[in-house]
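Side chains included, hydrogens not; waters and symmetry mates left out as well; all remaining heavy atoms used. Keep in mind that what you see is a predicted model, and the values were worked out from it rather than measured. Chain identifiers are assigned alphabetically (A, B, ...) following the order of the sequence lines, protein sequences preceding nucleic acid strands; residue numbering begins at 1 within each chain.
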Amino acid sequence: MKLYEHQAKGIFSKYHIPVPEGSLITKAGDAMEIAEKLGDVVIKAQVTAGGRGKAGGIATASGPEDAETAAQRILGMSIKGLPVKKVLIEQYRKPQKEMYLGITIDRKARRPIIMASTQGGVDIEEIARSSPEKITRMHIHPLTGVHDYQARMIAYQLDKENSLTIYDVIKKLYRVFDDHDCILAEINPLALTAQGIVALDAKMVIDDNALFRQEFGEEESVSLEYLAKKSGMSYVGLDGNIGCIVNGAGLAMATLDMIKQYGGEPADFMDVRAGANEEQVRTALRIVSSNVNVKAIVVNIFGGLTKCDEVARAIVDVISEIKVPLVVRLAGTNEQEGRKMLEKYGLITVSSTEEAAMEVVKLGDSHR
Amino acid sequence: MKLYEHQAKGIFSKYHIPVPEGSLITKAGDAMEIAEKLGDVVIKAQVTAGGRGKAGGIATASGPEDAETAAQRILGMSIKGLPVKKVLIEQYRKPQKEMYLGITIDRKARRPIIMASTQGGVDIEEIARSSPEKITRMHIHPLTGVHDYQARMIAYQLDKENSLTIYDVIKKLYRVFDDHDCILAEINPLALTAQGIVALDAKMVIDDNALFRQEFGEEESVSLEYLAKKSGMSYVGLDGNIGCIVNGAGLAMATLDMIKQYGGEPADFMDVRAGANEEQVRTALRIVSSNVNVKAIVVNIFGGLTKCDEVARAIVDVISEIKVPLVVRLAGTNEQEGRKMLEKYGLITVSSTEEAAMEVVKLGDSHR
Amino acid sequence: MGILIDNHTRLLVQGITGREGSLQAKQMKDFGTNIVGGVTPGKDGQEIHGIPVFDSVKEAMDDTNPNASVIFVPPRFAADAIFESIDGGIELIVAITEGIPVHDMMRVCAYLENSSSQLIGPNCPGITTPGGSKIGIMPNPIHLAGNVGLVSRSGTLTYEIIDLLSGNGIGQSTSVGIGGDQVIGTSFVDILELFESDTKTDVIVLVGEIGGTAEEDSIDFMKQMRKPVIAYIVGVSAPPGKTMGHAGAIVSTGSGTALEKIKAFERAGITIGRSPKDIVLKLTNILKK
Amino acid sequence: MGILIDNHTRLLVQGITGREGSLQAKQMKDFGTNIVGGVTPGKDGQEIHGIPVFDSVKEAMDDTNPNASVIFVPPRFAADAIFESIDGGIELIVAITEGIPVHDMMRVCAYLENSSSQLIGPNCPGITTPGGSKIGIMPNPIHLAGNVGLVSRSGTLTYEIIDLLSGNGIGQSTSVGIGGDQVIGTSFVDILELFESDTKTDVIVLVGEIGGTAEEDSIDFMKQMRKPVIAYIVGVSAPPGKTMGHAGAIVSTGSGTALEKIKAFERAGITIGRSPKDIVLKLTNILKK
């Protein structure tokens, strides 16, 4: 789960990582008063999608009226399909130097890794590709956390003169990362300004598996992704017209690959997980069929933990709500029971993933 | 550093380990009001010495007047030479079952160890000797802390019916132990009462080496031990008449052993540590000579980090304040310079520990 | 007899009284696995399908001396259950549980480094040696004994491929699902090494996914293997930057896409299966020789 | 050439710009130790007694390739300095610092278990091989090369005994102070093992103290040693229940007293020295044979 910038900065503040003074507003009219207090300000659209700067979601303003105009404009925008409902108004801090500081997980080393660069404020992945030597990487032992000497080494490399403050920011950012089950905790840019070191931006991505012990209040928005996550499933929206409900991510991807091989285009990807139950399958069907682009749905289940008869029962329950044709593939646990149940309702059942992909591509084409 | 019971219980409360309701008082007159509120009470002398129960430092009382009388008596006591200045008045909780729970350090395993027994409320060391099988021991990995399964296993063994609460107490006691650099964190007894599980007593011993990052306010009392500790040294009071100032605990113990071999009795033991400086030696001399039992003092220094000329200078500085005879042994770094300096003042210097022990025993005898 | 498990495997089922644990214990028993005990705190003394239940791994160790353990404990308690098995000295730990926080798994893996235990998973279907023993949740009927070693990051896709192999008369020595999470206990290379020295395995099928570099990391080892490997990588159609299903499948820009993985394999001269059917085709060719 | 250190020892001094660090670096250099670098954060580029100073162990490793390190860093920063050396891959770490919190040392020791480093100390005087190399703070003039191996938990008492041995013409192969704290990196047994297989060592003197069971724990090993050991235990006159000096010397009731240790040694047939003089006497007898 990605946090909004203002959420991440709120957490940073609690950990005493310096961030610019600012306020969150939902109405452009509130911008004036804040700008009056703060002087020159930056107005930033609060969306979790990347590239909001390029999309025009960030503006600087001097003077209250200027601020209101900018806030008005940004609150009217949509960025990557998401309407901007909130903006963050912050005191403008002129960066004399922009650095990068991020903590993420190195799968291969199976530990957290701190990445830092004196070349911040830009696309760090571009730097990682073009000049990897400009990024310092340091693994952290998950049972001890960041050692003092490690924080000091990174701080010295970023800016020896301001190393004490940066050392402090590194130690605190690691605590943020550790306390909040982060997959990513990032400051880009970490800026040196006339007022000292400050985190001008803040990004936190939380491990969805740890949400049971983390509390962030606000969700990204009530999206299909969110509805799926709430039911313990995983939904990804895509650009085509074939809805895909599969148990297990690997099998789901294999299904998508085959649909493409047969010339179809998936509209989405719903992984009901290996152990999906009846209720989850019902929810999955409702979510996928609520996607207006979907012209046909394939349900591909290889029962292990999941029982095929439960899946069939779920399909039968909601079949009347679904307005597009359905191809069902059932294999594994209680396969026969499940298929028999569906055949009574005249539903197409097939026995292999290939066949399912072929059938659903045909149906999708005929319903365009 | 040993904490008072009321200090340890204050920390327990902060960690939500259940303790009886109570108040700390210094005047017996305050006992009535508290007892009126709490009903039947226990009045406990606040001293860090062991065996206060046997010494009469604990009393139960029913009714306010009874409480005041008991408080009056205990506040007039001395336990192992320490006057009782404070008493803790707590609501009386009748224990249905008394258990033992303690966390300490196992030197050999180099990790914390949890010890638990259903036979609490008594001398646990006696049980450890006589029926070691009645004590469950479990090592804790210092980088992970106590695993849930470990806390559960111990809780099941103590009292399966109340295991949830006990599990919780174990997890919290470990946090107390870890957060406060404890050498010992102990609940004896951990009692089952009509109101549930409660820590009737509380003992915490803090690692003196960690006091730079721990804050407990109140010290045991302004003792010679405390004055030495404050100056980075270590003082132990003994029963004889020969004051001993030595750098290094091993050499100090060897010196004491030899004094005994020559028929003397050490009055104390002042370890000025391997790297003692001039100021520390001055303080050591003042502390040891302030012990009225001391009839002669031996200073035994093997200079390594410590420089003998610095030690000599310190002795010369305070010699006029010291009313008992002094034997000085100097060896190692700058030995010659040191000895020359002392000889000018007519002080006896010797060259071996044996000789020093022999000389000081003679002097102690002649000054009885 | 395949890898990792054999007739001497004495299995402990952690979380045996739960819905999945109980169901799968039955399935494993039916398959022929020697389950010596189960653990669910507070359920000591019960029996599930004739298997004695204990409060703790230690008690189960004392009574039944298992050398392997399978974890069906819910995500929030799963890491602790693994710690318990490690401390108990269990040699092989198979964690089926899906949804364990990745920070928990980093701690577990650091802890493993100084232990005598091997962890398979988490979020994996387990290990099956047809005709021998099974630890995990792969459906019983799909397996067929043979000489193909299978290692996969997926769950249900693994079943699909095993089913297809068996349906085409191609048997397996052992099938291993190493798990789809970001941080897992055993890597492709660890399993490939075992297959390479296993006398019952002649060919290996490796099933990979988008995300991470686990597939690429195994290339150097595969190049020096005597036995042929056929690799199948799913997610060719996955758009970059989207999380496809489980946490393991995040495509970082510039690495981790299926196409890049496939290209890297092809450069190293490793046979690629384009689809499950294609795997069967290529396997048949190799096995004919 | 004695144990642990030799002519190939390339020493790094952590905390070299401090009062003790600088003074002792000079002493070690005078003794003949090959000090290749020093570390004090923020002092990169300086020189102390001609020794280059670096900001971090890593930078010192890159430039000077040390294989041993000695820690003079103040107590509150010492554990981190040890972690830095472990992570740097330094083989031998000698921690002189007195007063490191015991919780820090428990973490360090757990961390050491999965590393390639050996830690001597903390709160120890270090290691001296007369005629060879010295790491630590033992006074230079007291040593004499010979065939007695010395291992001790004490600091200044160790100097006293070495001085007495040398004064009586009894030379040492290596003298090792393992440190007096409750939690230390290297035990008596570890050092006894090294002496047992060292060709330059013929007899061993072990100096113990009250507190803990480190002395008793080494008895089983001593019983099977080929080389004779003379043990000296101080603290016979210490009253039980009092902390005598450093944290290591707490007498727990029923164990840890000097008399109990001496009795246990005698039961095992190990020679006891009653005083430093007595050690010299008994050593002389053994060496005559």
Problem - side-chain contact (heavy atoms from CB on, under 4.5 Å) between Ile210(D) and Met253(B), worked out - result: CA-CA 9 Å; Ile210(D) 55 168; Met253(B) 283 188 278; 3.4 Å; yes
#### Entry: Criterion salt bridge (charged side-chain N to carboxylate O under 4.0 Å, His left out) on Arg213(B) and Asp104(D), from CA distance to verdict
CA-CA 12 Å; Arg213(B) 63 186 178 199; Asp104(D) 287 4; 2.8 Å; yes
Are any of the side-chain heavy atoms of [X] and [Y] separated by less than 4.5 Å?
| X | Y | answer |
| --- | --- | --- |
| Glu20(D) | Leu305(B) | yes |
| Tyr159(D) | Leu251(B) | no |
| Ser187(D) | Lys108(B) | no |
| Val102(D) | Ile105(B) | yes |

Locate the shortest heavy-atom distance separating [X] from [Y]; write the atom from each residue and the value.
| X | Y | answer |
| --- | --- | --- |
| Pro139(D) | Gly304(B) | CG-CA, 4.0 Å |
| Phe302(B) | Thr156(D) | O-CG2, 3.5 Å |
| Asp181(B) | Pro101(D) | OD1-CB, 4.2 Å |
| Arg274(D) | Gln261(B) | O-NE2, 3.5 Å |

Greatest number of heavy atom pairs closer than 4.5 Å to chain B - which of [options]:
| options | answer |
| --- | --- |
| Ile233(D), Asp163(D), Ile96(D), Val207(D) | Asp163(D) |
| Ala258(D), Gly185(D), Pro276(D), Gly208(D) | Gly185(D) |
| Ile184(D), Leu164(D), Thr158(D) | Ile184(D) |

Nearest 0.5 Å please: distance from the [atom1] atom of [X] over to the [atom2] atom of [Y].
| X | Y | atom1 | atom2 | answer |
| --- | --- | --- | --- | --- |
| Arg107(B) | Asp217(D) | CZ | CG | 10.5 Å |
| Arg111(B) | Met106(D) | CZ | CE | 10.0 Å |
| Asp257(B) | Ser275(D) | CG | OG | 10.0 Å |
| Phe269(B) | Ser237(D) | CZ | OG | 9.0 Å |

No-hydrogen, no-angle side-chain donor-acceptor test under 3.5 Å, Glu160(D) and Thr353(B)
yes
Please state whether the side chain, the backbone, both or neither of [X] comes within less than 4.5 Å of a heavy atom of chain D.
| X | value |
| --- | --- |
| Met270(B) | neither |
| Ala254(B) | both |
| Pro112(B) | both |

Which pairs of donor and acceptor atoms, one on a side chain in residues 137-145 of chain B, lie under 3.5 Å apart (sequence neighbours left out)?
unit_1: His139(B); atom_1: NE2; unit_2: Asp106(B); atom_2: OD2; d: 2.8
unit_1: His141(B); atom_1: ND1; unit_2: Leu143(B); atom_2: N; d: 3.0
unit_1: Thr144(B); atom_1: OG1; unit_2: His141(B); atom_2: O; d: 3.4

Given Met258(B), Met233(B), Arg110(B), the one with more heavy-atom pairs under 4.5 angstrom with chain D than any other is Arg110(B)
Most heavy-atom pairs under 4.5 Å with chain D, out of Asn247(B), Ile301(B), Val246(B), belong to Asn247(B)
Turns out that what part of Gln27(D) lies under 4.5 Å from chain B's heavy atoms comes down to neither
